[in-house]
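Working notes for the structure below.
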Protein chains: 2
Amino acid sequence: MDQKFDMDADKSQRGVAAVDRALSIIAALEAWSMPRNLSEISRATGLYKSTILRLLQSLQDAGYVIRVDESKYALGPTVMQLGLAYERANPLRHLFLPVMQRLVDAGLESPSFHIRQTAEERVCLFRLDSNHSTLDRVHAGDRLPMRRGAAGKVLLAFGEDHAEGEEMDQIRRDCFAASLGERDKFCAGVAAPVFTRRDRLMGALSLSGPKERFTPEDVERMKGPLQAAVRELTTEMGGTYPT
Amino acid sequence: MDQKFDMDADKSQRGVAAVDRALSIIAALEAWSMPRNLSEISRATGLYKSTILRLLQSLQDAGYVIRVDESKYALGPTVMQLGLAYERANPLRHLFLPVMQRLVDAGLESPSFHIRQTAEERVCLFRLDSNHSTLDRVHAGDRLPMRRGAAGKVLLAFGEDHAEGEEMDQIRRDCFAASLGERDKFCAGVAAPVFTRRDRLMGALSLSGPKERFTPEDVERMKGPLQAAVRELTTEMGGTYPT
DNA sequence: AATGATCGTTTCGTTAAACAGAACAGATGC
DNA sequence: GCATCTGTTCTGTTTAACGAAACGATCATT
């Protein structure tokens, strides 16, 4: 595989570089389905072998990585347990995924749910793929920009800072946003807000996919089911949807 | 909760301390089922808030942690995806767990499967709890000593360095080891080797629990089912069991 | 309403943690 | 047998990371 796991250069200034390196090793192991040796990890991550060995010591100690066949490394049982802990702690999955699945079953585009993470970024919490043969590439865990994409716009429009501007006003009136080719020129999406108690924004549910499936007719067709879904989720979250 | 997540002092010399710190934050979030704020994380891990913030930057960038309610932190979707990747990459679970579950259903003690990790340590890959009301505390991911515990002895006896000594010879003859109060004075266990192709040791399957349930009669009663289980697993792994 | 405690965030001087890179012995492939 | 690749170890150098304090905001108590 030729996917590189270099650390994102513009992010290395704000966290801890050694932690970034360690997590890039885990990401490389995750991408492979078989244990890999030191040199393969070095090629994939761009890290020196001595650096990798030091980092692997910590990852092995914590059970994130195990060493098998004396010289290969693989994901260890701690990642499984973290996954289970995430499921235990996150009952939202059991609420959101059925609603999202119904959107898929209705033949619409790929649903995702996003929340704001920082002033400039959102994170995708859940993502299902549509039944179409082509998809836009978004995964749970992805960090995406706030200022581009339908979901980002919804988060800006309904967030606490109540972003200003004609476009934001329109989104607030419609409880709906569309974005054609903003985040990525080949992709498009529509989004609507999910509220929780006290009229607070919880996040944005979106439908996204390749741009050619977002004609004005397509967008109009998706609006109803999407808004029905966010109304249902808002009710379940103890919120009331603005009329 | 009062569980501390301080880094293990004797391990901080060999990995990367910043990575150890970051993983201790994840461990703290895993132990809680609700999002927690900075001060709670600080109390639990013993780390300074400024240190935690820096580490959290990296963890958020990679999706291991998300920030919710503006000031609380929780496990993020990347840990779920790692858990799924681990399951995908580790078909052994689907082979081992049913066999281990049958040992539980037979009313025996808690089964675990261990592999060697370093010269001095083993790692528990899988663990099921018995149906008894008291258990020994072992979890998947735990690092345990090679020189103590029944599973450790089995790994030494059948490992490539073929550890010497009367006790090791006996274990090799019986394909079985028992350990009463070695790893922990209140616990005991029995273990047997699982082989794979070319007579190579794969790991050790053990049954363990509180010591008082390991009388000579108990040990004798567990030996048969345990050895039947490891024979079955060895056959499935393409190995042949020494007669 | 005032006050104290606790929170999240930012800053920066210091130091030792972490790195890069080389060297080496062993294994593998031709 | 030789070239290449591997895993492992070592160490001088540098800067990454830390600790600790300060600050403004929020919350709880009186």
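Order of the sequence lines sets the chain letters (A, B, ...), proteins ahead of strands, with each chain counted from 1. Atoms considered below: every heavy atom in the structure, side chains included; atoms not considered: hydrogens, waters and symmetry mates.
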Between P on D:dA17 and CG on B:Leu47, what's the gap in Å once rounded to a whole number? 14 Å
To the nearest 0.5 Å, atom CG of A:Leu125 lies from atom OG of A:Ser112 at 10.0 Å
Minimum heavy-atom distance B:His114-B:Ala151, with the two atoms named: CD2-CB, 3.7 Å
Report the residue (A:Val19 or A:Arg54) whose heavy-atom-nearest nucleotide on DNA chain D is the more 5′ of the two. A:Arg54
Calculate, to the nearest 0.5 Å, the distance between atoms OG and CZ belonging to B:Ser206 and B:Arg127 respectively. 8.0 Å
Counting only side-chain N and O atoms of B:Arg21, is one of them less than 4.0 Å from OP1 or OP2 of D:dC18? yes
Drop me the distance from B:Arg67's CZ to A:Ile115's CD1, to the nearest 0.5 angstrom. 11.0 Å
Please give, in whole Å, the distance from C:dA17 C1' to A:Asp20 CG? 16 Å
Only one of B:Arg173, B:Glu166, B:Glu167 passes side chain to side chain donor-acceptor pair (under 3.5 Å) with B:Gln170; say which it is. B:Arg173
Please examine the side chains of B:Val154 and B:Phe176, heavy atoms only from C-beta on, and report whether any two atoms are closer than 4.5 Å. no
Might you list the N or O atoms of the protein lying below 3.5 Å from N or O atoms in nucleotides 27-30 of chain C, with each pair's distance?
none

To the nearest 0.5 Å, tell me how far A:Leu55 CG sits from A:Leu47 CG. 7.0 Å
Nearest to the side chain of A:Ala17 - C:dC19, D:dC18, D:dA16? D:dA16
Is it true that B:Ser58 and A:Asp20 share a donor-acceptor pair across their side chains at a distance under 3.5 Å? yes
Treat primed atoms plus P, OP1 and OP2 as sugar-phosphate and everything else as base, then score nucleotides 2-9 of chain D 5' to 3': B for base contact with protein heavy atoms under 4.0 Å, S for sugar-phosphate contact only, - for none. ----SBBB
